[in-house]
S.K.: 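Structure provided below as structure tokens; questions to follow.
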Amino acid sequence: MTKRILIFLLVVLTTGWSAAYGEDGSQLWLRLDKVSNPTMITGIKGTAMTELQTYWKGGPVVLKRQKGLARDGYTIKSLGGKTVIAAANDAGLLYGAYHLLRLQQEGQPTDQLDIREEPFYDLRILNHWDNPNGTVERGFAGKSIFLNPDPERMKLYARANASVGINGTVLNNVNAKPEALTTESLQKAKDIADQLRPYGIRVFLSINFASPIKVGGLKTADPLDTEVVGWWKNKVNEIYQLIPDFGGFLVKANSEGEPGPQDFGRTHADGANMLADVLKPHKGIVMWRAFVYAPQSPDRANQAYLEFMPLDGQFRDNVIIQIKNGPVDFQPREPYSPLFTAMQKTPMMVEFQLTQEYLGAANHLAYLAPMWEEFFSFVKPASLRAMAGVANIGDDTNWCGHHFAQANWYAFGRTAWNPSLTPKAIADEWLAQTFTNNPTFVAPASKVMLESREAIVNYMMPLGLHHIFAGGHHYGPEPWYAPRGVRSDWTPPYYHKADSIGLGFDRTTKGSANVQQYPDELCKLYNDLNTCPEELLTWFHHVPWDHKMKSGRTFWDELCHKYDDGVHEARHFLAVWDGMKTYVDKQRFDEVQRKLRIQARDAEWWRDACLLYFQTFSHRPIPQDMEHPVHNLDEMMKFRIPISMYENPESGYNK
């Protein structure tokens, strides 16, 4: 035996096969080896049986139907030397099969099982922001996987979704192009639906509200016009002839220039109900987005509440109002959207963003399950009908641009299945399947994941700051951005309001009165500068620079320390990863290491740009007991990132 072979075997024995052979992340968390001698799998034939015959290494499994379980629910029990998976439908059997395979990957015992699982939400859906030309809005992982669908890629996409319980996908951008409803596009959607159906996944489409004009050639898209209603009926019938299990429509209307019923003097309810009526005979639904705001609004955070609360109770029962988790726009930290506790008569669903539009694109490690847990600490899961996640998926080899960004796709599915699962439990599951189940790796890597979102808040926008990103993209800092001709609510000064007195947006009863949209207890809490949680301080208050914080520091000093803490946390993540080299294959180790180095440098950029800029208003020194900025403000203000590079973080601007 040669010395080279001995070294190879030593590496395999001590670090595992994946560390000896490089991996590219293309298999996501489904790194399952095919079995050479399949176990006996009996009972209901279908996708569940195929998956187990291909990958299950344990004893015999029986798949059977069982009444009394919720839709998609299942039981797994060890009985007489066999494992019995029972469910009411094929999807439940498939979810049970993936649960069993997950235990196998994690190295958990599988001989004494007694498991019962039922999904918390019936609809667990991904929203793809994919365009007809293959680009992906806020996509940082290449082009659309639906442009020229590769059968093997689509199969793995379907398997990945089913493995975490995702059962629906919107194929196209909410900023929908009218051609999404042409016969040619619908045929393409049918082909995709046919590939996803065996895995329990239904397809949905985003629609352009003006489609009757732009596709149908009508003179109006007025939802109360009989000719318009007739056009939609015919189009919906065409869709269901092609896709019998089509799920329905996602609609962005009268927001950011998109057409909607208000263009014709009608309400959101008028538009949503018309579509709901034509879909109802087919059991389809309308997901109507509440992301609306107008340039003349004195506080963008107030807009959705003002438009939708007067309509509470006026929507059909197959309309679900889809609301972003926060009232502005997927910020690293926001309070929850007040619509969630205000609307009492209308079905609602939450929209989370998996793609890191405001969290470092595909360069920063940002595990978002802690953010969602924070949301659910205010909004009761039972008050919602469904969960939607804006996908972070593209045709990059590793699907999501950053190996750790895959965790948000995984965590979304697991959270939509069971919102009470802890972020740590989900992170541990994902790490064990995606890298190794060695606890010496899982424990520190999980800790980094759990701390990552708070670190990003610290080095980007601590203490309630929000939306101070560069003009034209949402990657780096540009709190000074306010060119002439740009609407004010697209500029950072609209949100941070920095002046010689202090920093922050006054949303108290003396300001925009946004606090009054929240329940009385929270309104009172948020309205008082001395009781408002410090992590939301500048969201609700214009805070004086010398305001005393809980730490005993002034607000200015606390702001400085928060930014500096974020920088040190980002550096710490890199140091932890550097110690994981023996547990991870070389390719993925190197790729994650390079991303973490970018993140550490970006954290310095954020700290220096923001503190040096805000210092021009505070006129206070940077505290001596922290690291001082290493850049100059004039250098920061001259730095620009081309938008094309923001959309493709691998293109080199920050290497």
Side-chain angles (χ1 to χ4, degrees), residues 39-53 55-56 58-104 106 108-125 158-159 161-168 196-202 244-248 280 282-285 317-318 320 347-349 376 380-388 412-422 425-426 429:
T39 297
M40 182 178 292
I41 312 295
T42 58
I44 306 297
K45 294 182 179 180
T47 309
M49 180 177 284
T50 301
E51 288 291 297
L52 292 171
Q53 288 174 333
Y55 301 110
W56 175 242
V61 178
V62 178
L63 300 168
K64 71 175 190 177
R65 292 272 191 268
Q66 180 176 313
K67 295 181 180 179
L69 288 170
R71 175 187 170 192
D72 296 349
Y74 58 86
T75 61
I76 307 176
K77 294 184 179 181
S78 301
L79 296 170
K82 297 179 180 180
T83 302
V84 179
I85 302 176
N89 58 14
D90 288 346
L93 291 173
L94 183 59
Y95 298 144
Y98 281 124
H99 190 143
L100 195 59
L101 292 171
R102 180 166 64 244
L103 295 176
Q104 174 180 277
E106 293 180 51
Q108 300 289 336
T110 57
D111 57 346
Q112 298 290 327
L113 299 177
D114 188 2
I115 297 167
R116 183 186 179 105
E117 289 274 340
E118 295 179 348
F120 195 90
Y121 296 115
D122 286 340
L123 180 59
R124 309 167 299 276
I125 187 167
R159 292 179 62 229
N161 281 327
S163 74
V164 293
I166 292 170
N167 66 353
L196 301 184
R197 188 174 294 111
Y199 295 88
I201 301 169
R202 299 168 70 193
D245 59 349
F246 179 70
K280 188 154 191 175
H282 307 276
K283 299 182 180 179
I285 65 170
D317 59 6
N318 60 328
I320 309 177
M348 297 175 291
M349 61 191 294
F376 282 121
K380 294 179 180 179
S383 68
L384 306 178
R385 178 75 65 84
M387 273 179 59
F412 170 77
R414 296 291 285 137
T415 302
W417 181 273
N418 181 2
S420 67
L421 284 173
T422 67
I426 296 172
E429 282 182 9

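Note that the structure is predicted; figures quoted are calculated from it, not measured.
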S.K.: Report yes or no: does Arg202 contribute a side-chain atom to a donor-acceptor pair with the main-chain N or O of Phe246 at less than 3.5 Å?
M.R.: yes

S.K.: Before we go on, tell me: are the rings of Tyr95 and Trp417 under 6.0 Å apart, centre to centre?
M.R.: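 Yes, they do, as the ring centres are separated by less than 6.0 Å.
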
S.K.: So, for Ala87 and Gly73, which heavy atoms are closest and what is the spacing to 0.1 Å?
M.R.: CB-O, 3.3 Å

S.K.: Charged N to carboxylate O below 4.0 Å: is that the case for Lys280 and Asp317?
M.R.: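 The answer is yes: the pair qualifies as a salt bridge.
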
S.K.: State whether the side chain of Arg124 and the backbone N or O of Gly165 hold a donor-acceptor pair below 3.5 Å, judged by distance alone.
M.R.: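 Yes; at least one donor-acceptor contact below 3.5 Å.
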
S.K.: Working to the nearest 0.5 Å, report the span between CG of Leu196 and CD1 of Ile166.
M.R.: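 One gets 11.5 Å once the value is rounded to the nearest 0.5 Å.
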
S.K.: Check for a donor-acceptor pair, side chain of Thr415 on one end and backbone N or O of Phe412 on the other, with a separation under 3.5 Å.
M.R.: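 Looks like no, no N/O pair under 3.5 Å.
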
S.K.: Is any side-chain N of the basic residue among Arg65 and Asp90 closer than 4.0 Å to the acidic one's carboxylate O?
M.R.: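 Here Arg65 pairs with Asp90 in a salt bridge, since their nearest N and O are under 4.0 Å apart.
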
S.K.: Can you name the nearest heavy-atom pair linking Val61 to Leu52, along with the distance?
M.R.: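 In terms of heavy atoms, the two residues are closest at CG1-CD1, 3.9 Å.
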
S.K.: Looking at Leu79, is its backbone amide N or carbonyl O close enough to the side chain of Thr83 to form a donor-acceptor pair, meaning the two atoms are under 3.5 Å apart?
M.R.: no

S.K.: Quick one, Asn167 and Asp72 - any side-chain contact, counting heavy atoms below 4.5 Å?
M.R.: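 Yes, at least one pair of side-chain atoms sits under 4.5 Å.
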
S.K.: Do Tyr74 and His99 have ring centres separated by under 6.0 Å?
M.R.: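 Ring centroids of Tyr74 and His99 are less than 6.0 Å from each other.
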
S.K.: Is the shortest heavy-atom distance from the side chain of Leu69 to the side chain of Asn89 under 4.5 Å?
M.R.: no

S.K.: Quick check for you: to the nearest 0.5 Å, what is the distance between Asn318 atom CG and Arg385 atom CZ?
M.R.: 9.0 Å

S.K.: Please identify which of these residues, Thr42, Ile85, Ile41, meets the side chain to side chain contact (heavy atoms under 4.5 Å, CB included) condition with Val62.
M.R.: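 Of Thr42, Ile85, Ile41, side chain to side chain contact (heavy atoms under 4.5 Å, CB included) with Val62 is met by Thr42 alone.
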
S.K.: If every non-hydrogen atom of Thr47 is compared with every non-hydrogen atom of Pro198, which pair is closest and at what distance?
M.R.: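 Minimum heavy-atom contact is OG1-O, 2.8 Å.
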
S.K.: Return yes if some donor-acceptor pair links the side-chain N/O of Thr39 with the main-chain N/O of Pro60 below 3.5 Å, else return no.
M.R.: no

S.K.: Measure across Tyr121 and Pro381 and return the closest heavy-atom pair with its distance rounded to 0.1 Å.
M.R.: OH-O, 2.7 Å

S.K.: Which atom pairs, one a donor and one an acceptor, fall under 3.5 Å between side chains of residues 108-115 and the rest of the protein, sequence neighbours left out?
M.R.:
none

S.K.: Starting from the C-alpha separation in whole Å, work towards a yes-or-no answer on side chain to side chain contact (heavy atoms under 4.5 Å, CB included) for Arg116 and Lys77.
M.R.: CA-CA 9 Å; Arg116 183 186 179 105; Lys77 294 184 179 181; over 6 Å; no

S.K.: Please report the closest heavy-atom contact between Thr75 and Gln66, naming both atoms and the distance.
M.R.: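 Result for this residue pair: OG1-OE1, 3.9 Å.
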
S.K.: For the pair Asn418 and Phe120, evaluate side chain to side chain contact (heavy atoms under 4.5 Å, CB included) and give the outcome as yes or no after the intermediate values.
M.R.: CA-CA 6 Å; Asn418 181 2; Phe120 195 90; 5.5 Å; no

S.K.: Could you report the tightest heavy-atom contact between Ala158 and Tyr199, atom names first, then the distance?
M.R.: CB-CD1, 3.5 Å

S.K.: Nearest 0.5 Å, please: how far is OH in Tyr55 from CZ in Arg159?
M.R.: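 Between atom CZ of Arg159 and atom OH of Tyr55 there are 4.0 Å.
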
S.K.: Who pairs with Ala388 by side chain to side chain contact (heavy atoms under 4.5 Å, CB included), at least two apart in sequence or on another chain?
M.R.: Ile125, Asn127, Gln322, Met349

S.K.: If the threshold is 4.0 Å, N to carboxylate O, is there a salt bridge linking Arg71 and Glu118?
M.R.: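 Salt bridge flag = no for Glu118 with Arg71.
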
